[in-house]
Amino acid sequence: MEKNTLYEIGQAIRAARMNARLTQEDLAEASGKERGYISDIERGAKNVTIRTLDEIAEALNMDTLDMIQLYRSQDETIAAVVALLDGENVEERKRLLEILKLICGRK
């Protein structure tokens, strides 16, 4: 199967947007882009510049490379957990990790 980088980047943006509970319209407004352009990027139909990736990531309150890496995990549940933790400070992340460990029965 041929690797489609544009599609993978688009899916990473889509996953991050959905984890942030934003519509394409919300993301378009926050990033200064058109909704149709966001849709095209998410479908891998448009090439995207690094500057545009940075603007989209900033609109999602994420680091650009973290946003792309979320999708690379290939597991939506892991990506969702990482996206939820991304906006938290270090102490809050540690607290949430301890809660998750308790839920999972791990130390």
Side-chain angles (χ1 to χ4, degrees):
M1 183 174 190
E2 182 180 318
K3 180 180 176 183
N4 186 333
T5 303
L6 288 178
Y7 178 77
E8 288 184 8
I9 289 172
Q11 290 303 291
I13 292 169
R14 180 180 181 274
R17 175 181 61 77
M18 293 181 76
N19 284 331
R21 296 190 172 147
L22 296 176
T23 65
Q24 287 181 344
E25 186 68 36
D26 295 333
L27 180 55
E29 185 175 321
S31 65
K33 307 296 176 201
E34 297 290 325
R35 192 212 55 81
Y37 183 60
I38 297 294
S39 175
D40 288 345
I41 292 171
E42 288 185 1
R43 289 182 289 109
K46 288 277 187 189
N47 198 353
V48 59
T49 66
I50 293 171
R51 179 169 291 157
T52 297
L53 282 176
D54 285 343
E55 291 167 348
I56 290 171
E58 185 176 329
L60 292 165
N61 296 314
M62 296 184 76
D63 176 81
T64 303
L65 297 178
D66 288 343
M67 177 181 67
I68 293 168
Q69 188 61 34
L70 284 177
Y71 180 72
R72 301 290 300 180
S73 73
Q74 298 297 317
D75 185 330
E76 287 184 22
T77 56
I78 292 172
V81 170
V82 172
L84 287 171
L85 294 175
D86 189 57
E88 302 297 332
N89 65 45
V90 173
E91 290 305 314
E92 185 65 10
R93 287 180 190 184
K94 288 178 183 178
R95 187 180 75 76
L96 292 169
L97 177 60
E98 291 305 315
I99 292 169
L100 187 56
K101 286 178 181 178
L102 288 171
I103 292 170
C104 296
R106 298 186 183 158
K107 293 186 180 207

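Computed from a predicted model, the values in this text were never measured in an experiment.
Distance alone, capped at 3.5 Å, places no donor-acceptor pair between the Asp54 side chain and the Arg51 backbone. Side chain of Arg35 to backbone of Gln24: no donor-acceptor contact under 3.5 angstrom is found.
For the pair Ala16 and Met62, the tightest heavy-atom approach, listed with the atom from each and the gap, is CB-SD, 3.6 Å. Residue Ser31 comes nearest to Ile38 through the heavy atom pair OG-CD1, 4.0 Å, listed as atom of the first residue, atom of the second, then distance. In terms of heavy-atom proximity, Ile56 sits nearest to Met67 at CG2-SD, 4.3 Å. Nearest heavy atom pair, residue Leu60 against residue Ile13, reads CD1-O, 4.5 Å.
Side chains of Ile41 and Lys33 form no contact here, defined as non-hydrogen atoms less than 4.5 Å apart. With a 4.5 Å cut-off on side-chain heavy atoms, Arg43 and Asp40 count as touching.
Salt bridge absent: Glu98 and Arg95 never bring a charged side-chain N and a carboxylate O closer than 4.0 Å.
Rounding to the nearest 0.5 Å places OG of Ser39 at 10.5 Å from CZ of Arg14. Between atom CD1 of residue Ile68 and atom CD of residue Gln11 there is a gap of 13.0 Å, rounded to the nearest 0.5 Å.
No single ILVMFWY cluster, assembled from side-chain heavy atoms under 4.5 Å apart, contains both Leu97 and Leu102. Follow the hydrophobic side-chain contacts under 4.5 Å out from Leu53 and you reach Leu22 in the same cluster. Residues Ile9 and Tyr37 share a single hydrophobic cluster, defined by chaining ILVMFWY side chains whose heavy atoms lie under 4.5 Å apart.
Within a 6.0 Å radius of CD in Glu92, more than 12 heavy atoms belonging to other residues, nucleotides or ligands are found. Around atom CD of Glu55, more than 12 heavy atoms belonging to other residues, nucleotides or ligands sit under 6.0 Å away. Summarising the local packing, CD1 of Ile50 is surrounded by 12 or fewer heavy atoms from other residues, nucleotides or ligands at distances under 6.0 Å.
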